[in-house]
Amino acid sequence: MTVSKSHITAKMAKNACTVLMFVFVLANPIFAQRNKGNVQPSLDRAADIVIDGKLDDWGDTLVYEHAAQKFYYHIKNDDETLYVAMRVKDKDRQMQVFAQGLALMVNIKGKRREGPTVYFPVADRLAFRSIMSADNDDRPDDMREGALKAIRAIHVMRFDDVLDGQISLENTYGIYAQAALDTTDALCVEMAVPLERLGISVSAGAPLAFNVKINGVMVPGSGSSASTMRRGYGYPYGYGYGYPYGYGQPTPAKPREESGVWIIAPLANE
């Protein structure tokens, strides 16, 4: 079999192009970040979800991943409510959650920009201190159990008809959330937000932008990656949390927020 010179040249050019593309993917952090983890492509239809911190009504497991922050998640909706479940196995990240909360943000214009946001859970500082006090005869051995018992409210921001700040766990806005530790020692969180509260409906059919993450900020100068940079737990609540629960440490002047996973999709319809 005779192979022409032009055929060899074309093959070499194709191989060189493949190598260059591979190098580009490795060297380009933006490209790599967008393709890291199993990101949810679209919303799924919800059925019979109970907000109790138990994920048995979400199937066997949560399959979508925020790889950088080491948690799994799933977003669903029915005709009236938006639901999210998140599962955090890493104990270091669990403590960040208790100090700063998991965040669900929705931009109703489908843009990767700020929108109505729910933060949960965030342990109340004074309640946590009381529960974990050496004088408390019922003090739990596990700090996480103490943090769960110290949850008193849900934090919300940027809703049109709800003031920014804390709302009761049993509120009149229809925004609910619960957290629990499962049998594998993972922290599980469920949130529910009425579609009406967000000003959206299933019938609209327009793409929306959803962002899920463990809330937190990066302190400049303490490292270059999410695993090495020190986290400041005061934003946006002003609690001044250090890590873990080192109260009173100042928040940096120009913190960089940890990034979340973006899902651009319309609400699921039957």
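For the single chain, residues carry numbers from 1 onward in sequence order.
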Sub-4.5 Å side-chain heavy-atom contact between [X] and [Y]:
X	Y	result
Phe159	Val118	yes
Phe71	Val261	no
Val193	Tyr173	no
Glu196	Ser201	no

- Does a side chain donor of either Gln96 or Glu258 reach within less than 3.5 Å of an acceptor in the other side chain? yes

- Message: Met95 vs Met143, test: side chain to side chain contact (heavy atoms under 4.5 Å, CB included). Steps then yes/no.
- Response: CA-CA 9 Å; Met95 297 311 300; Met143 181 182 291; 3.3 Å; yes

- Query: In a check of side chain to side chain contact (heavy atoms under 4.5 Å, CB included) between Met191 and each of Ile51, Leu82, Leu102, Val212, which one passes?
  - Reply: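 Checked Ile51, Leu82, Leu102, Val212 against Met191; only one passes side chain to side chain contact (heavy atoms under 4.5 Å, CB included): Leu102.
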
Counting distance only, does the side-chain N/O of [X] pair as donor-acceptor with the main-chain N or O of [Y] below 3.5 Å?
X	Y	answer
Arg113	Gly110	no
Asn136	Ile131	yes
Gln69	Ile214	yes
Arg45	Ala268	yes
Asp57	Val50	yes
Arg144	Asp185	yes
Asp124	Ile151	no
Glu190	Asp52	yes
Asn171	Gly174	yes
Thr117	Gly115	yes

- Query: Is there a path of hydrophobic side-chain contacts, each under 4.5 Å between heavy atoms of I, L, V, M, F, W or Y residues, that connects Trp262 with Val84?
  - Reply: no

- Trace of the side chain to side chain contact (heavy atoms under 4.5 Å, CB included) decision for Tyr73 with Val39: CA-CA 9 Å; Tyr73 69 94; Val39 178; 3.7 Å; yes

- Task: Take the angle between the ring planes of Trp58 and His74 and call it parallel below 30°, perpendicular above 60°, tilted in between.
- Result: tilted

- Worked verdict on Lys213 versus Met105 for side chain to side chain contact (heavy atoms under 4.5 Å, CB included): CA-CA 9 Å; Lys213 69 176 182 178; Met105 182 167 64; over 6 Å; no

- Query: Which atom names give the shortest non-hydrogen contact between His66 and Ser259, and what distance separates them?
  - Reply: NE2-O, 2.9 Å

- Message: I'd like to know whether Asp78 forms a side chain to side chain donor-acceptor pair (under 3.5 Å) with Tyr83, so could you lay out the CA-CA distance, the side-chain angles of the two residues, the decisive distance to 0.1 Å, and finally the verdict.
- Response: CA-CA 8 Å; Asp78 56 24; Tyr83 303 92; 3.0 Å; yes

- Message: Checking salt bridge (charged side-chain N to carboxylate O under 4.0 Å, His left out) between Asp182 and each of Arg87, Lys89, Lys54, which is the one that passes?
- Response: Arg87

